[in-house]
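Working notes, beginning with the structure itself.
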Amino acid sequence: MGLRICMVTPFAWSQPHPVNEHVAAAADELRGRGHDVVVLAPSNRAVELAAGRRALRRLGREGTPLAGTVALGPAIPVSRRSRMGVPLGVRANLELALTADSFDVVHAHEPGLPSLSYLALRHARALTVATFHSPDRLTYPPGRQQRERLLARIDALTAVGDTTLAAARLRFAGAYRLLPHGIAPAPKANGKPRRRFVLEWRADELARARAALRALRELPDWELLLLRTKPLAGRPYIPLAVRGRVAVRTTLDPESRANALAGAAAFVPAQRGLERLALEAQAAGIPLLDPPGSDAQPELVSAAMARLAESDDWGAKLTNEGRQTAAAESVSALGDALEETYRSVLGRRRRARPPADPLADRPLILCDLHMHTEHSHDCAVPVDTLLDYAEAQGLGAIAVTDHNVFSGAEEAVELTRNRDLLVIPGEEVKTDAGEVIGLFLEREIARGMPMEDTIAAIREQNGVVYLPHPFDRLHTIPDAQSLHRHLAEIDVFEVYNARLLFEGFNDEALRFARKYNLTMGAGSDAHVLQGVGTGLVRMRAFETPEEFLISLRSAEILRRPKSLVYLQGLKWVAQARERRKATAGSAR
């Protein structure tokens with residue numbers, strides 16, 4: 001069954017660009033394999049902008065899915081030095097495309113720039129893949145916390161080229177897959193190649209061009225074609241002695257590059273030139289002259305040109321090696337890599353639960369899944385007082401989850417033996433990668449262990465793994481790699497914590513849970529009585545951990561927030577009283 005894939009590029013589709021060439025090649029290959037691929041991009045071509053507006057209008061009004069390439073708005077300059085934000089209208093079009101349409105995967109290219117690709121990863125509700133293309137475009141977002149926030153929303157990291165891969169790992173830590181460039185097979189050349197060298201000319205690499213021109217003087221029967229692959233790149237100086245055998249051509253798109261390479265005997269790449277151009281030459285069976293050490297000693301280029309002119313066998317050897325290299329970078333290899341990447345990403349999402357509710361005959365109760373007692377170091381609420389208050393608030397169940405101690409939960413369970421209130425015994429455990437709550441525990445779990453060991457300890461007690469405030473960066477939380485690594489082991493994902501300073505942290509958790517079909521939970525994280533019940537789930541009554549998880553699948557998240565300043569003030573007053581009592585007791 002084919003996938004519906006959205007590819008996003010930040011570069012103007014109306015102008016040639018290597019990233020867009022990669023995207024176009026990947027999209028065509030995947031469409032040929034039965035997938036539905038939509039490309040979202042900016043453009044400066046009036047016809048494309050008008051067609052994009054019509055497609056978005058039909059999507060918004062009639063729900064007609066997008067197709068082909070859709071221009072979201074005018075392009076703006078995109079570079080690592082750019083501080084220009086994406087225009088509001090373009091952002092709105094991107095939001096419409098990602099929310100009103102239905103995609104299995106959103107694949108953003110070059111998201112290390114302040115651009116459409118970065119925003120697509122931030123706002124996508126589908127599973128996501130990020131691909132980096134150039135080491136020079138890995139500067140955004142600037143801060144570590146922002147990068148962690150972005151990484152938490154990326155399901156697969158990929159890079160094109162070994163140099164980019166190494167740079168991306170340093171900037172955006174994670175497990176990467178190396179993608180082929182996606183080079184289309186070139187038609188086989190007819191007849192013997194002409195006595196012509198092709199050199200990729202760059203204004204900042206004049207030493208290599210001069211070396212090639214010097215070699216040409218010693219090869220009177222040979223010609224040299226200088227290719228300019230950047231617009232407005234200047235014009236090379238050609239010595240009078242070889243001026244009749246040297247031509248200059250500008251090539252900005254694959255077709256013009258193929259025409260320029262046709263019939264060439266060898267290709268000399270620029271040191272920092274287009275990797276696609278070198279691979280296109282190799283795919284066409286053109287030997288690549290790029291001897292090791294030629295960056296520092298450009299005269300090695302002259303020697304390589306002279307050797308190729310003298311030895312047909314050496315040229316044939318380079319041709320065979322080049323074809324093998326190009327085959328590994330082919331568009332077919334790219335299609336295989338992308339399909340495998342998408343399959344691995346789709347495996348992360350949990351299957352939607354069946355609508356049938358085996359607990360439908362049970363009454364609905366209110367449950368607060370996260371709160372503390374005086375057994376926590378930062379709380380002064382007695383257990384019996386907490387239970388009385390929870391019953392007075394109409395709660396049917398609560399989870400007592402003190403910090404790194406289990407005694408509060410044990411006391412609460414003992415005191416509710418003759419009450420209607422159900423207590424879930426739990427503990428909020430500090431791990432080396434953030435906090436994890438274990439529910440339905442039998443004994444205390446030590447703090448400070450690796451997260452995987454803490455989760456294993458919860459499992460040993462047949463407990464429920466509950467991840468609290470997963471995106472609250474004012475707490476110690478798992479980094480993106482840890483979160484994704486343990487995703488399959490999380491039973492309940494807290495999407496509402498009433499004690500968070502910024503509501504955006506809860507919103508981020510809700511989007512994440514919806515993206516992966518995670519079972520959602522909520523709690524007050526109360527440290528004072530007045531906070532109890534400010535975060536709740538309305539769910540069917542339960543008795544066992546299994547029934548608890550089944551009931552949560554159809555539960556409703558309830559938000560009853562109170563002023564955080566008020567609640568925090570009460571907490572500080574209570575802590576001050578406890579300190580005064582402790583001081584007075586020690587004085588006696």
Could you give the distance from [atom1] ([X]) to [atom2] ([Y]), rounded to the nearest 0.5 Å?
X      : Y      : atom1 : atom2 : answer
Arg473 : Gln145 : CZ    : CD    : 7.0 Å
Gln481 : Leu157 : CD    : CG    : 8.5 Å
Ile183 : Thr325 : CD1   : OG1   : 12.0 Å
Thr431 : Glu452 : OG1   : CD    : 8.5 Å
Leu274 : Thr229 : CG    : OG1   : 4.5 Å
Glu494 : Leu369 : CD    : CG    : 8.0 Å

Backbone of [Y] reached by a side-chain donor or acceptor of [X] within 3.5 Å:
X      : Y      : value
Arg249 : Leu225 : no
Ser551 : Phe548 : no
Arg171 : Leu138 : yes
Asp104 : Leu127 : no

Output yes when [X] and [Y] qualify as a salt bridge under the 4.0 Å nitrogen-oxygen rule, no when they do not.
X      : Y      : value
Glu508 : Arg153 : yes
Arg144 : Glu148 : no
Arg485 : Asp479 : no
Arg177 : Glu340 : yes
Asp295 : Arg272 : no

Q. ring-ring contact (aromatic ring centres under 6.0 Å, His included): which pairs involve residues 9-33, sequence neighbours left out?
A.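 Qualifying pairs: Phe11-His17, His22-His109, His22-His133.
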So, [X] and [Y]: side-chain donor and acceptor under 3.5 Å apart, yes or no?
X      : Y      : answer
Arg208 : Ser294 : yes
His123 : Arg91  : no
Asn44  : Ser14  : no

Q. Could you go step by step and tell me if Ile490 and Leu518 meet the side chain to side chain contact (heavy atoms under 4.5 Å, CB included) rule?
A. CA-CA 8 Å; Ile490 298 171; Leu518 302 178; 5.7 Å; no
Side chains of [X] and [Y], heavy atoms from C-beta outward: is any pair under 4.5 Å?
X      : Y      : result
Leu289 : Leu318 : yes
Asp101 : Cys6   : no
Tyr342 : Leu30  : yes
Val19  : Val160 : no
Arg122 : Arg149 : yes

Q | side chain to side chain contact (heavy atoms under 4.5 Å, CB included) assessment of Val8 paired with Leu119 | A | CA-CA 10 Å; Val8 184; Leu119 292 175; over 6 Å; no
Q.
How about CZ on Arg459, more than 12 heavy atoms from neighbouring residues, nucleotides or ligands closer than 6.0 Å, or not?
A.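 Counting other residues, nucleotides and ligands, CZ of Arg459 exceeds 12 neighbours.
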Q | Passing option when His181 is tested against Glu280, Glu329, Arg276, Glu21 for side chain to side chain donor-acceptor pair (under 3.5 Å) | A |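 Only match with His181 under side chain to side chain donor-acceptor pair (under 3.5 Å): Glu329.
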Q) How are the rings of His370 and His469 set relative to one another: parallel (under 30°), tilted (30 to 60°) or perpendicular (over 60°)? A)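 Correct class here is tilted.
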Q. Do the ring planes of Tyr176 and Phe132 sit parallel (below 30°), tilted (30 to 60°) or perpendicular (above 60°)?
A.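 Tilted.
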Q: Search all heavy atoms of Gly463 against all heavy atoms of Asp491 and return the closest pair with its distance.
A: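 Heavy atoms only, the tightest pair is O-OD2, 4.2 Å.
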Q. Looking at Val39, Val23, Val129, Thr9, which hits side-chain contact (heavy atoms from CB on, under 4.5 Å) with His107?
A.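 It is Val129; the other options fail the test.
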(Q) One pair to check against side chain to side chain contact (heavy atoms under 4.5 Å, CB included): Leu59 and Thr64. What are the steps and the verdict? (A) CA-CA 5 Å; Leu59 173 65; Thr64 304; 5.7 Å; no
Q: Begin from the C-alpha positions of Glu29 and Arg33 and carry the test side chain to side chain contact (heavy atoms under 4.5 Å, CB included) through to its verdict.
A: CA-CA 7 Å; Glu29 177 68 17; Arg33 298 181 180 213; 3.0 Å; yes
